[in-house]
Amino acid sequence: MNKKPLPGEFELIARYLAPLATACPGAFGLADDAAVLDVSPDRRLVVTVDAMAAGTHFLRDDPADLVARKLLRVNLSDLAAMGAAPLAYLTTLALDGEADAAWLEAFAAGLAADQAQFGLALAGGDTIRTDGPTVLTITALGTVAGPSPLRRNGARPGDLVYVSGTIGDGALGLAALKGELDQLDDGARTQLAERYRLPQPRLALGQALVGVASAAIDVSDGLVADLTHICAASDVAAEIETARVPLSTAAQQALAGQPDLLERVLSGGDDYELLFTVPPDAEGEATEAAATAGVEIAAIGRVTASDPELDKVRVTGPDGDIIALESAGYEHF
Ligand SMILES: [Mg+2]
């Protein structure tokens, strides 16, 4: 294959990255030492960062535009989980010898498409060479209105547990890409793979839930693991019913043929839906927030008092029996 080497650092910035910064006036065309961003006095700054390493979080032959979009979207999903609106982002690109000009051009095109869709722009960053594998990092900045963003620590016994969208598509999409779900029809396989490669950050829903939800998190590690994070931060426990967990038609098809995939749905992660708790008297407001955001939400269980004798999150099947899960979710180490 004909590899076109990367240009020098300043040419690289001018050609591939500076165009991403034109919509961010405080970025000064990436030509100054730092960016200067205006934040209105009634909003607070929210900051998050995510990194992806080649060979671990994405594969060398994954399309570079999709890698870029997923990296930006997982950051945006964290902003959504705080109830924040996107403001700007920074990139740190540590590139190995495999990253050529065509790869970087596609990577920048992916960022250009998504920053236009989600209303933010590049504010700055750093680009370095590395002898190790390529590591891509995005830091996202957002702002949240009012005194209290969505946090993990506000769930109280009696609150309802909700999720947005459908659960399990991310994990089943990864399985489909690995060739594990051959019994599915092509349409279902493609649908699941797309959900894995291109999550939908629930930004509008997150912002609409500020002042309504008592706690929130985005589903990245797995439904049960992420609900456990809320329970730990809030010092409560929770019960969810598998029958109420919303599934896409593709996921239903996968489960019909292979019921043991339920474990993957509940603990697989990579859904980037919002998981949140709502006090019983705010259910109507939660329904309104979802309608405003144009996103489906479903109540899947409730928050209970914490009990040292019991698991923090108990999952019950259709017959009311508690289902024991081998693993609650993904851990990096
Ligand atoms: Mg998160």
Side-chain angles (χ1 to χ4, degrees), residues 6-52 64-95 99 101 103-128 135-150 198-208 210 218 272 292-294:
L6 290 173
E9 182 182 358
F10 299 107
E11 174 62 20
L12 181 156
I13 292 169
R15 194 184 301 174
Y16 302 110
L17 301 176
L20 299 172
T22 48
C24 182
F28 309 123
L30 305 184
D32 216 314
D33 295 291
V36 179
L37 304 175
D38 287 324
V39 181
S40 66
D42 57 340
R43 296 184 74 86
R44 298 164 82 192
L45 194 61
V46 178
V47 184
T48 183
V49 61
D50 267 289
M52 287 173 38
D65 59 329
L66 289 180
V67 172
R69 296 171 78 186
K70 180 154 186 179
L71 179 57
L72 185 57
R73 287 173 182 222
V74 298
N75 275 280
L76 293 175
S77 181
D78 278 328
L79 292 185
M82 303 299 287
L87 175 68
Y89 68 101
L90 300 105
T91 54
T92 306
L93 311 178
L95 302 174
W103 189 92
L104 190 56
E105 190 175 337
F107 184 82
L111 291 178
D114 267 9
Q115 67 176 44
Q117 180 175 342
F118 296 108
L120 74 173
L122 185 65
D126 198 8
T127 306
I128 59 169
V135 176
L136 310 164
T137 307
I138 283 183
T139 303
L141 310 174
T143 66
V144 67
S148 12
L150 298 176
L198 211 53
Q200 284 298 331
R202 300 300 188 188
L203 286 159
L205 179 63
Q207 289 164 67
V210 173
D218 63 322
Y272 300 101
T292 307

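These numbers come from a predicted model, not from an experiment. Just so you know, residue 1 is the first one in the sequence shown, and it goes up from there.
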Answer yes or no: is there a side-chain heavy-atom contact under 4.5 Å between Val39 and Leu87? yes
Hey, are the side chains of Leu93 and Phe107 touching, using non-hydrogen atoms and a 4.5 Å cut-off? yes
Can you name the closest pair of heavy atoms from Pro199 and Tyr272 and give their distance? CB-CD1, 3.5 Å
If you look at every heavy atom in Ala35 and Ala27, which pair is closest and at what distance? CB-CA, 4.2 Å
Is there side-chain contact between Lys70 and Leu66, with at least one heavy-atom pair below 4.5 Å? no
Acceptor/donor pairs from residues 135-146 side chains to any protein atom, 3.5 angstrom cut, sequence neighbours excluded:
from, atom 1, to, atom 2, distance (Å)
Thr143, OG1, Arg43, NE, 2.7
Thr143, OG1, Arg43, NH2, 3.4

State the CG-CG distance between Leu104 and Leu17, to the nearest 0.5 angstrom. 6.0 Å
Answer whether the closest heavy-atom distance between the side chains of Asp114 and Gln117 falls below 4.5 Å. yes
Looking only at heavy atoms, which two atoms of Asp218 and Ser77 are closest? And how far apart? OD2-OG, 2.7 Å
Could you check Leu20 against Tyr89 for side chain to side chain contact (heavy atoms under 4.5 Å, CB included), going step by step and ending with a plain yes or no? CA-CA 10 Å; Leu20 299 172; Tyr89 68 101; 4.0 Å; yes
Show the nearest heavy-atom pair for residues Ala88 and Leu37, with the distance to one decimal. CB-CD1, 4.1 Å
Leu76 and Pro86: which non-hydrogen atoms are nearest, and at how many Å? CD2-CB, 3.9 Å
Separation between CZ of Arg15 and CD1 of Ile13, rounded to the nearest 0.5 Å: 12.5 Å
Test item: Tyr16 and Glu105 side chains (from C-beta on) under 4.5 Å apart, heavy atoms: yes
Would you indicate whether the side-chain heavy atoms of Asn75 and Leu79 approach each other to under 4.5 Å? no
In the structure I gave you, are the side-chain heavy atoms of Leu71 and Thr91 within less than 4.5 Å of one another anywhere? no
Rounded at 0.5 Å granularity, tell me how far CG in Leu12 sits from CG in Leu95. 7.0 Å
With a sphere of 6.0 Å drawn around CG of Asp42, does it hold more than 12 non-hydrogen atoms of other residues, nucleotides or ligands? yes
Evaluate the side-chain proximity of Leu6 to Trp103: yes if any heavy-atom separation is below 4.5 Å, no if none is. no
If you measure from CG on Leu198 to CZ on Arg73, what distance do you get to the nearest 0.5 Å? 3.5 Å
If you compare all heavy atoms of Gly110 against all heavy atoms of Arg69, which two are closest, and at what distance to 0.1 Å? O-CG, 3.3 Å
